[in-house]
Amino acid sequence: MHIVVDRRPDGVALIDDDGSETLVPEPRLPAAVAEREVEHPRWVWTSTVQWYPPLLEAGVRVDRCYDLKLVDAILAGIAGRAPRRDWGSAPATSRGDTLFDLDGATDAAHAISALAAWESQQAAIAAHGEPTKLTLLVAAESAGALAAVEMRHAGLPWDAAAHDTLLTEALGPRPPPGQRPAQLEALAHDVEQLLGVGPVSIDSPPALVSALRRAGLEVATTRSGELKRIDHPAMAPLLQYKTLSRLHTANGWNWLDEWVREGRFRPTFVPGGVVTGRWASDGGGALQLPKQVRPAVHADDGWALVVADAAQLEPRILAALSGDAAMATAGAGGDLYAGIVASGAVVTREHAKVGMLGAMYGGTTGISAQVLPRLARSFPRAIGYVEAAARAGERGERVSTRLGRTSPAPPTSWREQQSAAVAEGAAESVVRSARSAARSWGRFTRNFVVQGTAAEWALAWMAGVRRRLWTPDAGPIESQPHLVFFVHDELIVHSPVDRVAEVEHALHEAAIDAGRIVFGVTPVTFPVTVAAVQRYSEAK
DNA sequence: AAGCCTAGCGCC
DNA sequence: AGGGCGCTAGGCTT
């Protein structure tokens, strides 16, 4: 038995094999939106990552969609709605042509209930104080989900032979399973000899700490930062061992075997996977691709990788969020940190950079803390904005991104800790640890507003690039310039060499659009650096 | 054996 | 006593 979902003038029909129909009310849309929807249908479905891959396999590219699960997660944060768990297995419905054959009455029931979810979500958005912004967020989140599935489908072009060569040059030939590569073996041997306290289980931090202490070195951990400050001949081979061991275990031959097939790395991107709205990845460590292995990311013959990076995205986001005209001016020249130096606020570009990063992360030590007062004098609105977000977090309040994604409420245990600290006769240690926890939550909310809004800008950018790259009736996605990689503020497009110029144009234009979409009229610019290369490592 | 935690390091 | 992640190995618990 099959049930076909079909759109009708008076609603959405679920048609059974025997011709019987169940009519579900058409979700209502504002007139202007409805008109646009007719020209550019937006598929409403429970989950893009669930439904889109088989469509792509079948050669179907979806232009726009509405992802019920992703929107549900956003709204659950805002309205205190309980996130829904039982989405069932059926897509909701199409808006436009028939897309799915649904199998059986159970799926039909799911389709009806998903339609109800759509209406409930629309009502929640309409009731929100900023429905227009929220609608943009929902559209951007859903467009990102389409791009995520498309990027996995196309895959990142990967030169496995080049990867093998760089591994062999660094580690020696690939060893049999269970054995250490020759270079790691040699370095481990050197470390043992130079420490002179017998055999050392170099891969076990506790064992390594005790060996170092036996050798008379006062260390608490085996972190490379701590080891670097120690003057001892064993430190050089030990630090090199750690670097190479990391390469071997995280992105070595095993990784290559598992993740690269037919010249493509196909990671699973997880839209909305991070609390701030950033993407996460699942498997392959896609968002932590080390610079060491980027020479293996290689365009096909006759193609190029167009690598684009949003320059100093987060401080620019902060400037726009806070309406800091002085910081907008500092960023107008293309290098925001150089602009901060030119403003006279600080003396070096490095101070400008670590100062701004510290302001956005809540740094309290070092150069970052030293230059903060100077930045606060020159850019009071920008610095004031993150300070206010931090204070709100310390009070247990929630904060919001530009388009309306909200930070989670602090856990109950946090609230109890705060209550205990203000109770009469609270021990000083209790007060101290509560204050520390409050500051910590404040650093989270401080960063949330910037990181989360930057994620919104990046989604809008990606959606604009995706739309510009696609030409209907010109073959499948992977035969045209197409997105292949995304990391927070960076995009890679795989493009035929003779179309690179238009791809570069698309990347620049979409960045300008993204600023307008997220912030409306703002003096803040969002420049992107673009480089067409053969290997990822040649960019930047 | 499987599941969970920690240390440590990679990325933005 | 600087935000957000994912992954691996070691080492513990169940």
Side-chain angles (χ1 to χ4, degrees), chain A residues 178 180 184 201-209 219-228 238-239 241-252 254-255 258-259 267-294 309-315 317-318 353-369 372 386 389-390 393-394 399 401 405 407-408 432-455 457-458 485-491 536 540:
Chain A
R180 262 204 291 243
L184 288 181
S201 296
I202 195 167
D203 291 321
S204 166
L208 184 55
V209 166
V219 296
T221 74
T222 65
R223 283 188 204 121
S224 59
E226 190 172 351
L227 300 183
K228 266 179 205 137
L238 178 51
L239 289 164
Y241 177 91
K242 283 167 147 297
T243 301
L244 292 180
S245 173
R246 172 81 191 176
L247 172 65
H248 178 235
T249 56
N251 295 96
N254 293 341
W255 181 93
E258 186 174 351
W259 290 103
T268 302
F269 293 103
V270 186
V274 177
V275 62
T276 57
R278 270 187 176 182
W279 286 10
S281 63
D282 182 13
L287 301 183
Q288 302 111 254
L289 207 63
K291 289 191 161 61
Q292 271 176 307
V293 303
R294 293 186 185 183
D309 178 281
Q312 306 107 30
L313 179 59
E314 293 199 340
I317 290 291
L318 175 56
K353 184 174 178 176
V354 302
M356 284 308 299
L357 291 175
M360 293 183 294
Y361 292 157
T364 57
T365 59
I367 301 289
S368 165
L372 185 61
V386 282
E394 290 170 8
V399 296
T401 60
R405 195 189 306 262
S407 66
R432 208 166 33 233
S433 65
R435 183 152 301 167
S436 166
R439 295 244 164 84
S440 175
W441 197 260
R443 286 192 296 278
F444 166 56
T445 53
R446 169 196 293 268
N447 187 251
F448 183 95
V449 295
V450 178
Q451 186 185 120
T453 305
W457 184 93
F485 200 59
F486 170 68
V487 210
H488 308 311
D489 60 357
E490 192 175 331
L491 283 172
Y536 189 10
K540 284 202 273 198

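Order of the sequence lines sets the chain letters (A, B, ...), proteins ahead of strands, with each chain counted from 1.
- Residue A:K353 places its NZ atom among 12 or fewer non-hydrogen atoms of other residues, nucleotides or ligands, all under 6.0 Å distant.
- You'll find the side chain of A:V386 reaches within 4.5 Å of the side chain of A:L318, heavy atoms only.
- Annotation: side chain of A:P271 is not in contact with side chain of A:F486 (no heavy-atom distance under 4.5 Å).
- Scanning for side chain to side chain donor-acceptor pair (under 3.5 Å) contacts around A:Y361 gives an empty result, with sequence neighbours left out.
- With sequence neighbours excluded, the residues that form a side chain to side chain donor-acceptor pair (under 3.5 Å) with A:T221 are A:E226.
- Here chain A contacts DNA chain C (any atom closer than 4.0 Å to a heavy atom, that is under 4.0 Å), and the contacts span C:dA1 to C:dG11 from 5' to 3'.
- Looking at residues 359-369 of chain A, you'll see that no heavy atom sits under 4.0 Å from any atom of DNA chain B.
- Qualifying side chain to side chain contact (heavy atoms under 4.5 Å, CB included) partners for A:S433, counting only residues two or more places apart in sequence or in other chains: A:Q417.
- Among the atoms of the strands shown, only primed sugar atoms or phosphate atoms (P, OP1, OP2) are found under 4.0 Å from some heavy atom of A:R294.
- Direction of the helix axis in the helix from B:dA1-C:dT14 to B:dC12-C:dG3 shifts by 0° between the two five-pair termini, rounded to 10°.
- Residues passing the salt bridge (Lys or Arg N to Asp or Glu O under 4.0 Å) test with A:D489: none are found, sequence neighbours excluded.
- In this structure, A:S224 reaches the sugar-phosphate backbone alone: every heavy-atom distance under 4.0 Å involves primed, P, OP1 or OP2 atoms, never a base.
- Between A:F444 and A:V399, the closest side-chain pair of non-hydrogen atoms is not below 4.5 Å.
- Taking A:R294 as the reference, A:Y536 meet the side chain to side chain donor-acceptor pair (under 3.5 Å) condition, with sequence neighbours excluded.
- Although no hydrogens or angles enter the test, the distance criterion places no donor-acceptor pair under 3.5 Å between the side chain of A:R180 and the main chain of A:S245.
- Base engagement by A:R278 is indicated by at least one non-hydrogen atom pair under 4.0 Å involving a base atom.
- Taking for each of A:R246 and A:N254 the nucleotide of DNA chain C with the nearest heavy atom, the 5'-most of the two is the partner of A:R246.
- The side chain to side chain donor-acceptor pair (under 3.5 Å) analysis of residues 267-289 of chain A, with sequence neighbours excluded, yields the pairs A:R152-A:T268, A:T276-A:Q451.
- Take A:P205 and apply the side chain to side chain contact (heavy atoms under 4.5 Å, CB included) test, not counting sequence neighbours, and it matches A:T222.
- A:V275 comes within 4.0 angstrom of the backbone, heavy atoms only, and of no base.
- Using a 4.0 Å heavy-atom criterion, one finds that A:D282 contacts the sugar-phosphate atoms exclusively.
- Partners of A:T453 by side chain to side chain donor-acceptor pair (under 3.5 Å), not counting sequence neighbours: none found.
- Heavy-atom contacts of chain A under 4.0 Å fall on DNA chain B between two terminal nucleotides, which in 5' to 3' order are B:dA7 to B:dC12.
- Among the protein residues, A:G283 comes within range of the sugar-phosphate backbone only, with heavy atoms under 4.0 Å from sugar or phosphate atoms but none that close to a base.
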